[in-house]
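Just below is one structure, and these are the notes that go with it.
These numbers come from the heavy atoms of this one structure, side chains and all, not from hydrogens, waters or symmetry mates. Note that the coordinates shown come from a computational prediction; the quantities given were computed from them, not determined experimentally. Numbered from 1 within each chain, the chains take letters A, B, ... in sequence-line order.
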2 protein chains.
Amino acid sequence: MPEKKPTPARRSDALSKVRIVQAAIEMLDEGGTDALTFRTLAAHLSTGAGALYHHVGNRDDLLAAAAKAVMESVLESSSENEATEQGVRGVMMGVFDMITTRPWVATQLAGAPWQPAVMHLFDRIGTELDVRGVPENAQFDAASVLMYHALGAASQRDAGRQLAATVTDRAAFLDSTRSAVTDTGDYPFLTRIASQFAEHDDREQFQAGVDIILAGIDRG
Amino acid sequence: MPEKKPTPARRSDALSKVRIVQAAIEMLDEGGTDALTFRTLAAHLSTGAGALYHHVGNRDDLLAAAAKAVMESVLESSSENEATEQGVRGVMMGVFDMITTRPWVATQLAGAPWQPAVMHLFDRIGTELDVRGVPENAQFDAASVLMYHALGAASQRDAGRQLAATVTDRAAFLDSTRSAVTDTGDYPFLTRIASQFAEHDDREQFQAGVDIILAGIDRG
DNA sequence: ACCTGAACACCGTTCAAGT
DNA sequence: ACCTGAACACCGTTCAAGT
């Protein structure tokens with residue numbers, strides 16, 4: 001009788017979509033969207049660039065698959081983890097935190113919103129709204145606002161990261177913007193709330209936005 | 001007495017930032033973001049690609065300038081035109097309509113949200129909220145939600161355009177997505193509201209979102 | 001079937017050379 | 001100072017050739 005080798009740890013050399021996506025996520029986490037090229041990714045996997053096309057349609061396809069994988073893990077954990085908040089609010093904050101941790105997802109979500117990752121989130125938001133008791137005929141509009149809020153925050157977040165490289169201080173940036181655009185007058189609102197702007201916390205502000213939207217939904 | 005030639009129509013040959021931005025906007029309107037390369041733009045202006053760098057920092061700078069110019073004209077017209085709605089609602093719908101007309105602006109706004117075009121819009125929203133009577137300490141959060149809503153819609157809109165090239169029917173796309181992702185279960189919410197999804201009007205939905213947010217703000 | 005890696009058709013950006 | 005356009009250092013994608 002031949003002995004059964006316990007999980008032979010068989011050489012994970014063979015290329016596959018999941019392996020490629022996994023490697024892509026690692027590179028994206030490390031260096032952002034720009035750091036992921038088919039050449040560097042191929043080198044990372046010890047193969048040729050052309051080989052990737054046997055498992056992945058193209059670059060957009062790969063990025064969408066990476067975002068989908070990450071989104072799924074976030075939506076899972078927010079429904080399982082006891083510590084995190086439940087409901088729509090929990091889902092929204094879970095997405096926000098993911099975007100903060102992995103800014104490249106923000107670019108990806110905002111750049112191609114009909115991709116699986118976004119549809120997945122949209123469906124989850126709608127489901128949570130149903131549980132919340134939002135009337136069926138109001139669910140679509142309600143889910144859309146929340147979706148837009150998440151996408152808007154996503155694009156804002158990623159840009160902040162790019163900005164951080166050149167300008168460390170928000171207030172300094174505001175000043176530079178203000179002085180740079182004197183041709184069309186100044187920014188009265190921004191000037192007035194400059195202090196709030198400097199002190200504000202992105203996460204709290206996002207959550208305040210979610211609460212405003214929920215209040216508007218519940219009033220309906 | 002030397003005759004005054006009426007507007008000598010002097011050869012507008014000299015390169016300048018405004019001339020470059022203007023030409024860029026034309027090309028963007030015609031073929032979207034991808035259609036704008038420094039080579040084609042230079043050819044369009046009958047000059048060399050390198051010449052552009054004497055007036056424009058780089059490609060991002062050019063796109064930001066184009067978006068800013070377009071945004072300014074929108075914010076002007078929405079405050080002057082008697083026919084269009086006034087207030088925050090008017091500003092929001094004006095932006096939505098611009099994005100519909102020029103999808104490339106959507107990509108630009110969502111891709112680099114701290115640019116002048118966005119700050120301009122943000123300031124305008126805040127100003128309108130003040131006029132509306134929103135308490136000062138609530139204005140920043142309120143302006144942010146509306147801003148995110150606009151940015152989220154922007155990214156969604158542009159992607160829709162790209163999608164239209166391959167998939168004409170929304171419902172068909174939904175079906176394809178649903179069947180393609182059977183590994184994680186189906187999309188219960190999307191399935192349930194599929195009919196609303198097929199019939200809905202993007203503009204009305206965006207406006208419904210604005211109204212939900214405004215209701216949430218006014219409740220505060 | 002899967003992989004290789006050179007080749008193709010592009011980019012944005014730079015820079016010596018001209019005017 | 002402004003412009004030219006070839007050159008540089010990259011891309012994503014394709015494809016003949018190998019196994």
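Of the candidates His200(A), Gln156(A), Gln196(A), Gln205(A) forms a side chain to side chain donor-acceptor pair (under 3.5 Å) with just one, namely His200(A).
Along DNA chain D, the nucleotide nearest Ser46(B) and the nucleotide nearest Thr40(A) are compared for position; the residue whose nucleotide lies closer to the 5' end is Ser46(B).
As a whole-Å value, the separation of Asp34(A) CG from dC11(C) C1' is 14 Å. Protein atom NZ of Lys17(B) is 15 Å distant from nucleotide atom P of dC3(D), rounded to whole Å. Between the NE2 atom of His55(A) and the P atom of dA1(C) there is a distance of 13 Å, given to the nearest Å. As a whole-Å value, the separation of Leu63(B) CG from dG12(C) C1' is 12 Å. Counting to the nearest Å, the P atom of dC3(D) and the NE2 atom of His54(B) are 7 Å from each other. Taking atom CD1 of Ile20(B) as the reference point, atom P of dC2(D) lies 11 Å away to the nearest angstrom. Spacing between atom CG of Leu15(B) and atom C1' of dA1(D) amounts to 13 Å, rounded to whole angstrom units.
The ring pair (Phe, Tyr, Trp, His ring centres under 6.0 Å) test applied to Tyr148(B) returns His149(A), not counting sequence neighbours. Every side-chain contact (heavy atoms from CB on, under 4.5 Å) that Asp97(A) has, sequence neighbours left out, goes to Arg203(A). Partners of Ser73(A) under the side-chain contact (heavy atoms from CB on, under 4.5 Å) rule, at least two apart in sequence or in another chain, do not exist in this structure.
Residue pairs meeting the salt bridge (charged side-chain N to carboxylate O under 4.0 Å, His left out) criterion with at least one partner in residues 119-128 of chain A, sequence neighbours excluded, are Arg124(A)-Glu128(A).
Side-chain contact of Gln108(B) with Gln115(B): a donor-acceptor pair under 3.5 Å is present, judged by distance alone.
Using a 4.0 Å heavy-atom criterion, one finds that Leu36(B) contacts the sugar-phosphate atoms exclusively.
For Phe122(B) and Tyr187(A), the distance between ring centers is not under 6.0 angstrom.
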Reading 5' to 3' through nucleotides 13-19 of chain D, protein heavy-atom contacts under 4.0 Å coded B for base, S for sugar-phosphate only, - for none: BBB----
Secondary structure of DNA chain C in dot-bracket form (Watson-Crick or G-U wobble, distances below 3.5 Å, | marking inter-strand pairs): ||.|||||...|||||.||
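Under a 3.5 Å cut-off, the side chain of His54(A) and the backbone N or O of Ala51(A) do not form any donor-acceptor pair.
Once rounded to the nearest 0.5 Å, the distance linking CZ of Phe189(A) with CD1 of Ile125(B) reads 9.0 Å.
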